[in-house]
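For reference, the structure is listed below as structure tokens.
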Amino acid sequence: MDTEKLEDLKHFVELCKENPSILQNPSLTFFKSFLESLGAQVPPSVKFEQGGEEHHDELDEDIIESDVELDNTDIVEPDNDPPQQMGDFTSEVTDENRDAAQISKAKALDAISEGKLDEAINHLTEAILLNPTSAILYATRANVFIKLKKPNAAIRDADAALKVNPDSAKGYKVRGMARAMLGLWKEAASDLRVASMIDFDEEIAEILKKVEPNAHKIEEHCRKYQRLREEKKLRKIERDSQRRQAEPKATNVKSKKKEQQSEHEASDPDSASDLNYGKIVGIHSVSELETKLNAVSKASRLAILYFTATWCGPCRFISPFYTSLPEKYPKVAFLKADIDEARDVASRWNVSSVPAFFFIKNGKEVDKVVGADKNSLEKKIAQYAG
């Protein structure tokens, strides 16, 4: 293996160490299966009903996160079969092999017409190995995987088709269909729109009729909370302005109260106002986070920094659980930041996936949990809170 490919592999492994949840990406099923065949334990994916019981998660005191009701009637369970054979994209194909591949493709089409889908897969695999530079062969096999309700396999073939031909309308079309089967509505809509622009057909239009309403709901959900955040920022600016106007009148009173508070905190660090034990504390900026962490560090306690997003389904799944933890662990500081609102905080902590939980003690990160894994989260809280 050449040096460049080795470096890419090292980088990918580092990403997996940093964020194991990326192994749940449908396009990486082949690698996940390989790891599990060696005895590795991959963190499980979290199932949740996007259209089921509504969960309310408090973003802050005046923004409440709500679920999005989607039409998930045709979603299927992800297929986790070993990856199908692909062939060498860089190989030179002889005329003899190209002709043989066409014969195998013709046999596959006959098998499809007779409903013999597994037989069609075998013929198409043979054709692909004979001519691995044909985008249409990968796209055709992907379409058969769609009929077999194996969306992950279809996505792998569609990715291969688009690698051979980035303008393959059929590649985008079958990948969009496969992503729709997995409930990846925004991604599915994006693929189907591209396919429609390259080579429109009625089937794409029919699929988009179901996919786009779900995609639009998700997009509107994100826009809604963006508007609420902007409104909240304006209210904060107005309150800050009113506070500054009132400050000169209360300077002496405020100074005395601060002195009394400092004396109280010095004698009892657990009562410091910055710690806010027993409830979730919203974080909106790096400076605000540093203030909270400094207070927690002075008390030699554990702080947990939870990164979430309004559009994140797994976040909605675990947020009620996280909200219940302060009562159970009253000496732990529970913090929470929305990655879209507190972008500087998310950037400072290199957040690449949500939900993510960082465990901080004495000002340093000691551990973290990525993904909606309740058991791991509470196990680590018990480990570090003592």
Side-chain angles (χ1 to χ4, degrees), residues 1-9 11-12 25-34 37 79-179 181 187-188 190-201 203-204:
M1 185 179 290
D2 61 48
T3 304
E4 185 176 349
K5 288 183 178 179
L6 279 173
E7 287 300 318
D8 289 342
L9 181 59
H11 179 64
F12 174 68
N25 189 304
S27 62
L28 293 176
T29 300
F30 72 98
F31 187 55
K32 176 186 170 187
S33 300
F34 169 68
S37 71
D79 50 305
N80 295 309
D81 297 339
Q84 63 269 35
Q85 289 181 288
M86 287 295 184
D88 183 2
F89 296 106
T90 63
S91 64
E92 292 187 13
V93 181
T94 65
D95 290 339
E96 182 181 358
N97 281 357
R98 190 173 286 106
D99 292 341
Q102 284 300 106
I103 293 172
S104 294
K105 179 185 175 184
K107 292 179 181 178
L109 295 178
D110 289 339
I112 293 171
S113 65
E114 296 172 5
K116 300 176 181 178
L117 300 182
D118 290 326
E119 183 179 326
I121 291 291
N122 292 334
H123 288 309
L124 287 168
T125 300
E126 182 180 347
I128 286 170
L129 294 177
L130 287 166
N131 183 9
T133 63
S134 170
I136 195 64
L137 289 177
Y138 291 108
T140 302
R141 189 172 65 173
N143 199 45
V144 179
F145 279 127
I146 291 288
K147 295 177 185 294
L148 288 168
K149 297 191 182 301
K150 295 185 176 183
N152 283 334
I155 289 171
R156 287 193 289 269
D157 269 348
D159 286 343
L162 291 168
K163 184 174 182 180
V164 174
N165 177 15
D167 296 321
S168 170
K170 192 166 184 179
Y172 282 110
K173 175 181 175 180
V174 293
R175 191 170 70 179
M177 294 167 66
R179 286 175 164 174
M181 292 172 72
E187 296 85 347
S190 176
D191 277 342
L192 292 167
R193 288 165 187 158
V194 174
S196 182
M197 286 189 290
I198 297 173
D199 186 13
F200 175 82
D201 66 41
E203 187 178 15
I204 294 175

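Quick note: residue numbers are just sequence positions, from 1. As a basis for the values below, the full set of heavy atoms in this structure was taken, side chains included, without hydrogen atoms, waters or symmetry mates.
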Run the numbers on Arg141 and Leu137 for side-chain contact (heavy atoms from CB on, under 4.5 Å), then give the verdict. CA-CA 6 Å; Arg141 189 172 65 173; Leu137 289 177; over 6 Å; no

May I have the step-by-step check of side-chain contact (heavy atoms from CB on, under 4.5 Å) for Met177 and Glu203, ending in yes or no? CA-CA 10 Å; Met177 294 167 66; Glu203 187 178 15; 3.9 Å; yes

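Distance CG/Asp199 to CD1/Ile204: 7.0 Å, rounded to 0.5 Å. To the nearest 0.5 Å, atom NZ of residue Lys170 and atom OG1 of residue Thr140 are 3.5 Å apart. Going from atom OH of Tyr172 over to atom CE of Met197 covers 9.0 Å, rounded to the nearest 0.5 Å. To the nearest 0.5 angstrom, Lys105 atom NZ is 12.0 Å from Asp110 atom CG.
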Please set out all donor-acceptor pairs under 3.5 angstrom arising from side-chain atoms of residues 94-101, sequence neighbours excluded.
{"from": "Thr94", "atom 1": "OG1", "to": "Asn97", "atom 2": "N", "distance (Å)": "3.1"}
{"from": "Asp95", "atom 1": "OD1", "to": "Arg98", "atom 2": "NH1", "distance (Å)": "3.3"}

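Counting heavy atoms from C-beta outward, Asn122 and Glu126 have side chains that stay 4.5 Å or more apart. Side-chain contact between Tyr138 and Pro132 is present, with heavy atoms from C-beta onward closer than 4.5 Å. Using a 4.5 Å heavy-atom threshold, the side chains of Gln85 and Ile128 count as separate. The shortest distance between side-chain heavy atoms of Leu109 and His123 does not fall below 4.5 Å. A 4.5 Å side-chain heavy-atom check between Asp157 and Met86 finds at least one atom pair inside the cut-off.
The heavy-atom pair separating Ala195 from Lys173 by the smallest distance is CB-N, 3.7 Å. Of all the heavy atoms in Ala160 and Phe89, the pair that sits closest is CB-CZ, 3.7 Å. Listed here is the closest heavy atom pair of Ile112 and Ala120: CG1-CB, 3.5 Å. Closest of all the heavy-atom pairs between Asp167 and Ile198 is O-CG2, 3.6 Å. Contact record, Leu117 with Val144: O-CG1, 3.7 Å, taken as the closest heavy-atom pair. Residue Ala161 comes nearest to Ala139 through the heavy atom pair CB-N, 4.0 Å, listed as atom of the first residue, atom of the second, then distance.
No salt bridge links Lys149 with Asp79; every basic N to acidic carboxylate O contact stays at or beyond 4.0 Å.
Panel note: side chain Gln84, backbone Ala153; a donor-acceptor pair is recorded below 3.5 Å. Proximity of a side-chain donor or acceptor of Ser196 to a complementary backbone N or O of Leu192 within less than 3.5 Å is not detected. Side chain of Ser134 to backbone of Asn131: no donor-acceptor contact under 3.5 angstrom is found.
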